[in-house]
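Read the structure below first, then the notes.
Count residues from 1 along the sequence.
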Amino acid sequence: MLTVVVVINLAIALILLCLAWLVWQIRKRLAKIAKALTAYERSTYAALHKAPNTIYKGKLGIEKLQQGNEPLQLQLQRVRQVLSLFFLGWRAWQRFSRRAPFPK
């Protein structure tokens, strides 16, 4: 009877030892993963913590460019209007010049 109890205790101890070894291996893997994730978090923070200010500065620059382009847009619109009037006159002149001359 004593032998059976000792064998059962040894079997339980061996199973628990294997289980402890597996838990130890999992812990080591989780520690590596946590270390890698911490490094990734630090690198992304270093790269992105200035992003809001940079985006804001870019937005201000775009707004400034848009305001600077408004007079140019007006000038471009005037040039287009002048050119369209010129081409309208050109077409009318071509049609008129193709007709027969006025009778004398």
Side-chain angles (χ1 to χ4, degrees):
M1 181 78 175
L2 182 63
T3 312
V4 172
V5 171
V6 170
V7 169
I8 291 174
N9 280 341
L10 284 175
I12 291 172
L14 187 60
I15 290 171
L16 291 177
L17 182 64
C18 289
L19 197 63
W21 182 79
L22 287 174
V23 169
W24 182 265
Q25 294 298 317
I26 291 171
R27 183 190 131 340
K28 283 173 48 178
R29 285 184 186 168
L30 286 176
K32 283 183 182 179
I33 292 170
K35 194 174 188 179
L37 288 175
T38 302
Y40 293 145
E41 190 272 333
R42 285 181 182 161
S43 65
T44 54
Y45 175 80
L48 297 177
H49 83 283
K50 295 180 183 178
N53 287 336
T54 306
I55 291 170
Y56 180 71
K57 287 179 184 178
K59 180 183 174 207
L60 290 179
I62 289 171
E63 288 174 357
K64 189 175 180 180
L65 283 174
Q66 287 175 342
Q67 289 173 355
N69 282 341
E70 285 179 8
L72 295 175
Q73 291 291 335
L74 291 174
Q75 288 178 355
L76 181 62
Q77 183 180 3
R78 289 180 187 142
V79 167
R80 285 181 178 163
Q81 288 174 348
V82 168
L83 286 175
S84 66
L85 285 174
F86 173 76
F87 285 119
L88 182 66
W90 180 263
R91 286 185 202 136
W93 181 77
Q94 283 181 337
R95 286 182 186 170
F96 179 74
S97 66
R98 288 184 187 162
R99 289 185 180 174
F102 290 113
K104 293 184 182 180

Practice problem: State the CG-CG distance between L22 and L17, to the nearest 0.5 angstrom. | Solution: 10.0 Å
Self-check item: Name of the residue among L14, I15, L10, L16 meeting side chain to side chain contact (heavy atoms under 4.5 Å, CB included) with I12
Solution: L16
Quiz item: Within a strict 4.5 Å, meaning less than it, do heavy atoms of the L60 and E63 side chains meet?
Solution: yes
Quiz item: Rounded to the nearest 0.5 Å, how far apart are CD of Q81 and CG of L76?
Solution: 10.0 Å
Quiz item: Taking the six-membered ring for Trp, is the centroid-to-centroid distance between W93 and W90 below 6.0 Å?
Solution: yes
Quiz item: In Å, rounded to the nearest 0.5 Å, how long is the span from CD1 of I55 to NZ of K57?
Solution: 12.5 Å
Practice problem: List the steps, then state whether side-chain contact (heavy atoms from CB on, under 4.5 Å) holds for K28 with Q25. | Solution: CA-CA 5 Å; K28 283 173 48 178; Q25 294 298 317; 4.2 Å; yes
Quiz item: Rounded to the nearest 0.5 Å, how far does CD of Q73 lie from CD of Q75?
Solution: 10.0 Å
Practice problem: Treating Ile, Leu, Val, Met, Phe, Trp and Tyr as nodes and any side-chain heavy-atom pair under 4.5 angstrom as an edge, say whether F86 and V79 lie in one connected cluster. | Solution: yes
Quiz item: Rounded to the nearest 0.5 Å, how far apart are CG of L65 and CG of L72?
Solution: 10.5 Å
